[in-house]
Each structure stands twice: as C-alpha cells, then as structure tokens.
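Written below as structure tokens is the structure these notes are about.
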Amino acid sequence: MADTTHKQHDTGYKELFSYPEFVQQLIEGFAPAEMAELMDFTTLKNHSGNYITPLFEEKFEDVVWSVEVTWQGVTQQVFLYILLEFQSSVDRTMPIRLMHYVACFYDHLLKNGTTTPHKGLPPILPIVLYNGSENWTARRDIYDMVRPEPPAFLQVYQPHLRYYLVDEGRYTDEELCLRQTPLSGVFSIEKASTNRKGLQQAVDRIVAIIQADPNKERIDKIITRWLKRHLQRLGAEVNLNQLNSLVEDKDMLAENLENWAQQERQAERQKVLQETEQRVLESKRNAARKLIARTEMDDQAIAEIADLSVEEVDKLRAETQH
C-alpha cells in the first residue's frame, strides 16, 4: 500500500511473493509470454528491502527479485520490482511514485557496491499488482503525464518509465480457471470475497490446485496462512484457530463458511425488518402529526387512529408546539 491517506492493511501478499514459485506464477501466468520465455526462474533471488528515502514517508508493500534473462545469446540479470497496490481507489500519481522508487533502488545498488556508474545500471521490470474495484486509470508511463505534449525538440528531454500492470480484478473467472496455479486461486478468492457462494467455490478450486501440486505440503501451508489472514480482513465469523491445512480441514472450513453466510443472511433479514418497521412507525407518526395540527382531537383518540401509544402522541404534540 502506498498513500498515507489510505489505511494500510496486511494483505499477506508480501509473504506470498517472498516465495519464488509465486513470483514465477505471476510472470508466467499474468505477464506477456515473451517475458517468461526468456527467464531462468531457477536463478530467482530475493532482494526485498526498504529502498525508499524517509522524505516521502510512504507505507506500501513491495518485493524485489532478480532473475537471469538470456537474450540473443547473452545472459544478464534483470530486477523485478513488484509493487503491491491494494488501495480502494486508483492512485494517479503512480508513474511519479514508481520513478522515485526505481531511482532509490538504483541508488541503493550503487551505495552497496552491487554496481558502479562505470559498470552501468541493471535493467528493471517494474510491475504493479492492483486488486482494487475501480478500473485502473493511472498512466502507465510518466511521459504520458507531461501535458501538453512537448514539441519534438523537447520530447527527448522528458522522463520515460513504464510499468507493467497486473489488474487482478479485470480477469474473468474463466480466464483465471485457465491458469491452474495457486496464485490464480488466490486471485479467484479475492474476486469472490463479497460473494459467499463464490468464495466457497474459489476455496474448493484452490484446494484442488494444491492437491495436484508436487510440493503440496509446502503450498498448503503458504496458502493456508494467506487465507487465514484474508478471512480475518473480511471479518469472517470463522474459527481460524482450528484451520491449519486447507487440504486436511477443507470440510471444517466449508462448514464455517456456510455458518458465516447464514449469519450474514440473518443479519441482512434483521436489517430489512428493522428498516421496514422504522418506515411504518414514521408513517404512523406523520399521520399523528397531521391530526395534531389539523384537528382538536385529544391524544387518546389520535393514538387509537394512528396506532401509537398515548405517550408517543404526547411527545409528538410537544415537538409540534415547540
């Protein structure tokens, strides 16, 4: 998360992307195919850290990995700068922020001796992973924010930095189902968070994905930790203490999710009932107010006609006179 005007919450995504297989799933499943084809994912190395200067005092989640890329017979290291953008609304200053983040990261590489100005700076692939409900409308390149577009002789002097956007809310259920990976299952659960039936279906799907994974136990632990955190953020009435394995405890979780759904349906029915009762009561009060204002009837008679208590009519009369 980035903007200090938004409440930061622990999405659990930073932990997910501390595991190389989830970084690989992000690139292979949600980035252009030509990127993944060039990458040797066995060389993934985590470089995550706080590279932002105190000047901005921003709170956000990011992860940084390096991976070897072979292009035209030459192998080189590329840094994947993944920004986890989980705000409720789109931050249209994203191109400016990313330029700052990348500059600070390059400064870090120079200061810790990873490279030198003479050796040059390694290429970076900035990726923004966004899960907000709004369509992403921020510019993808800081150059596109320069307005009006400068004349040709000035264009070469303007900054350029483009990022690759993964907007998980724009993927349909069908598109996610074509990607049978734990990460696509996580995206499905995020999308179904407001739909209790869809949430259970998404959980069933990710359980099936985990069961088919050659590293089933490891992935089960990772996804179970993430799901518990996710359900806590949703305010789920689920006994999370007993949830230790999605695979082993799937029936218990399904029962808990159904009970939670029933509680929500009951709460919604109660809310509708209360709102209806309030509207009926207000209608009776309005009728009583009219009788008080337009007739000489006493409170007892008005109470009987309006179906209110005498005390309620007396209170309304006092308000009217006041």
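These values consider heavy atoms only, across backbone and side chains, with no hydrogens, waters or symmetry-generated copies.
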Would you call the rings of Phe30 and Phe187 parallel, tilted or perpendicular, where under 30° means parallel and over 60° means perpendicular? tilted
Is it true that Ile209 and Ile27 fall in one hydrophobic cluster, defined by side-chain heavy atoms closer than 4.5 Å? no
Using residues 302-310 as the side-chain source, report each donor-acceptor pair under 3.5 Å to any protein atom, sequence neighbours left out, with the distance given to one decimal.
| from | atom 1 | to | atom 2 | distance (Å) |
| --- | --- | --- | --- | --- |
| Glu304 | OE2 | Gln300 | NE2 | 3.1 |
| Asp307 | OD2 | Lys284 | NZ | 2.9 |
| Ser309 | OG | Glu312 | N | 3.1 |

Please check if any side-chain donor atom of Arg97 sits under 3.5 Å from a side-chain acceptor atom of His100, or the reverse. no
Residue pairs, two or more places apart or on separate chains, that pass salt bridge (charged side-chain N to carboxylate O under 4.0 Å, His left out) and touch residues 19-33: Glu21-Arg218
Answer yes or no: are there more than 12 heavy-atom neighbours, outside Gln155 itself, under 6.0 Å from its atom CD? yes
Using only heavy-atom distances, determine whether the side chains of Ser66 and Gln77 contain a donor-acceptor pair under 3.5 Å. yes
Distance-only, no hydrogens or angles: does the Lys191 side chain make a donor-acceptor pair with backbone N or O of Asp173 under 3.5 Å? no
Member of Leu110, Thr116, Leu109, Val102 meeting the side-chain contact (heavy atoms from CB on, under 4.5 Å) criterion with Leu121: Leu110
Under the ring-ring contact (aromatic ring centres under 6.0 Å, His included) test, which residues partner Tyr106, sequence neighbours left out? none
Among Arg225, Lys221, Lys228, which one satisfies salt bridge (charged side-chain N to carboxylate O under 4.0 Å, His left out) with Glu15? Arg225
What pair of heavy atoms forms the shortest contact from Asp299 to Val313, and how long is it? OD1-CG1, 3.7 Å
